[in-house]
Structures are given as C-alpha cells and as structure tokens.
Amino acid sequence: MSSAENRLSVPDCLFCRIVAGEVPADVVASTERAVAFRDINPQAPVHVLVVPRDHHADVTQLAAVDPGLLADVVALADEVAQEHAGGQFRLVFNTGAEAGQSVFHVHGHVIGGRRLGWSPA
Ligand code: DGP
C-alpha cells in the first residue's frame, strides 16, 4: 500500500493534480487509495470518474501492476453508484486514444441516473 509520501505521481498529469488537490474537482467519495469526482462534461445525470491515487496510464496497466488497486477502484465505483444511481450503472474504461481516452491516468466512468442506451459510437 502506498502512502501519500511515496505515491506514484506524474508531473503535469491532470488527474494526479486533482488527487493532490492542486486542481479543484467536485469530489463525491474517496478512500485511502482512490478518489471519485464528477466529470467536468457529464453525459448522464450521474457521471463520476473514479481514479486510483497512484498513477497508471490505463486499466490494462493497472490490472497488470496492481490488480488489488483495480478492485479498490471498482469497489469505490460501486459505492458511488449505490449512493447516486440506485446501484445500476455502466463502468467504462476508455483505453487508448482511438477508443476515446484523453487523460492517460486510468479512470473508470461511472454513468447512470437514467435508462442507458447502447451506442458506443
Ligand atoms: P476519457 O476521454 O475517457 O479519457 O475521459 C476523460 C474525462 O475527463 C472526460 O469525460 C472529461 C473529464 N475531464 C477532463 N478534464 C477534466 C477536469 O479538469 N476536471 C474534471 N472533473 N473532469 C475532467
């Protein structure tokens, strides 16, 4: 387990800066290892990003390096969804620019709060 002193952090990473409190965000939940905050450009009534405090570029790297931390991220996503979306939600990890990933600090999109369609265009 990493403490704040030896956390994996990358200079100029937007989500590392949000985790560090250097960039403001609407934080809805947090644990020792993960933080959940509202997406700046919500696509649904509930649209929250869940990130590990440690920097990993994407979900495949996180799963390979620290699978327990990925489980922590999923657990926090579920906690957010239970509280804000009746426990029914989509959890999306865009992986790679072609798939729509624009911030290369792994984040799960917790999307819910309405009936969701299925058109990942
Ligand atoms: P993705 O495209 O999957 O990498 O998702 C990145 C998301 O991050 C996107 O939905 C918009 C969101 N985002 C970008 N900049 C900020 C920011 O400064 N604050 C917050 N809260 N969200 C941001």
Side-chain angles (χ1 to χ4, degrees):
M1 185 178 297
S2 64
S3 68
E5 292 74 43
N6 60 13
R7 187 158 292 137
L8 272 178
S9 182
V10 167
D12 299 328
C13 167
L14 174 61
F15 289 174
C16 283
R17 297 190 68 205
I18 286 177
V19 166
E22 295 167 10
V23 170
D26 184 359
V27 174
V28 297
S30 68
T31 66
E32 195 178 339
R33 302 193 80 196
V35 180
F37 54 91
R38 292 191 192 279
D39 194 289
I40 205 168
N41 183 24
Q43 303 299 311
V46 177
H47 188 169
V48 171
L49 304 175
V50 182
V51 308
R53 291 183 186 272
D54 277 347
H55 183 95
H56 298 276
D58 62 36
V59 69
T60 63
Q61 293 190 24
L62 175 58
V65 172
D66 195 342
L69 182 53
L70 175 56
D72 289 354
V73 167
V74 173
L76 185 58
D78 182 46
E79 194 179 307
V80 168
Q82 294 297 335
E83 179 158 352
H84 297 277
Q88 301 193 53
F89 64 108
R90 189 165 292 157
L91 181 57
V92 175
F93 292 89
N94 292 330
T95 306
E98 282 288 305
Q101 186 175 8
S102 60
V103 180
F104 288 82
H105 178 135
V106 58
H107 49 282
H109 295 254
V110 178
I111 297 168
R114 63 166 162 76
R115 179 171 287 275
L116 299 174
W118 180 244
S119 57

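As the structure lists them, so they are numbered: ligands from 1, and atoms in each ligand from 1.
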Pairwise, report which nitrogen or oxygen atoms of ligand 1 are under 3.5 angstrom from protein nitrogen or oxygen atoms, and how far apart they are.
unit_1, atom_1, unit_2, atom_2, d
ligand 1, 2 (O), Gly100, O, 2.7
ligand 1, 2 (O), Ser102, N, 3.4
ligand 1, 2 (O), Ser102, OG, 3.0
ligand 1, 3 (O), Asn94, ND2, 2.8
ligand 1, 3 (O), His107, NE2, 3.1
ligand 1, 3 (O), His109, NE2, 2.8
ligand 1, 4 (O), Ser102, N, 2.6
ligand 1, 4 (O), Ser102, OG, 3.2
ligand 1, 4 (O), Val103, N, 3.1
ligand 1, 4 (O), His107, NE2, 2.9
ligand 1, 5 (O), His107, NE2, 3.0
ligand 1, 5 (O), His109, NE2, 3.2
ligand 1, 10 (O), Asp39, OD1, 3.2
ligand 1, 10 (O), Asp39, OD2, 2.5
ligand 1, 21 (N), Arg38, O, 2.9
ligand 1, 22 (N), Ile40, N, 3.2

Which residues share a ring pair (Phe, Tyr, Trp, His ring centres under 6.0 Å) with Phe15, sequence neighbours left out
Phe37, His107

For His47, what residues pass the ring pair (Phe, Tyr, Trp, His ring centres under 6.0 Å) criterion, not counting sequence neighbours?
His109

Under a 4.5 Å side-chain heavy-atom rule over Ile, Leu, Val, Met, Phe, Trp and Tyr, are Val80 and Val27 clustered together?
no

So, using side-chain hydrogen bond (donor to acceptor under 3.5 Å, both in side chains) as the criterion, who are the partners of Glu22 when residues are at least two apart?
Arg17

Same apolar cluster: Val19 and Val73, side chain cutoff 4.5 Å:
no

Membership question, hydrophobic clusters at under 4.5 Å side-chain separation (ILVMFWY): are Leu91 and Leu62 in the same one?
yes

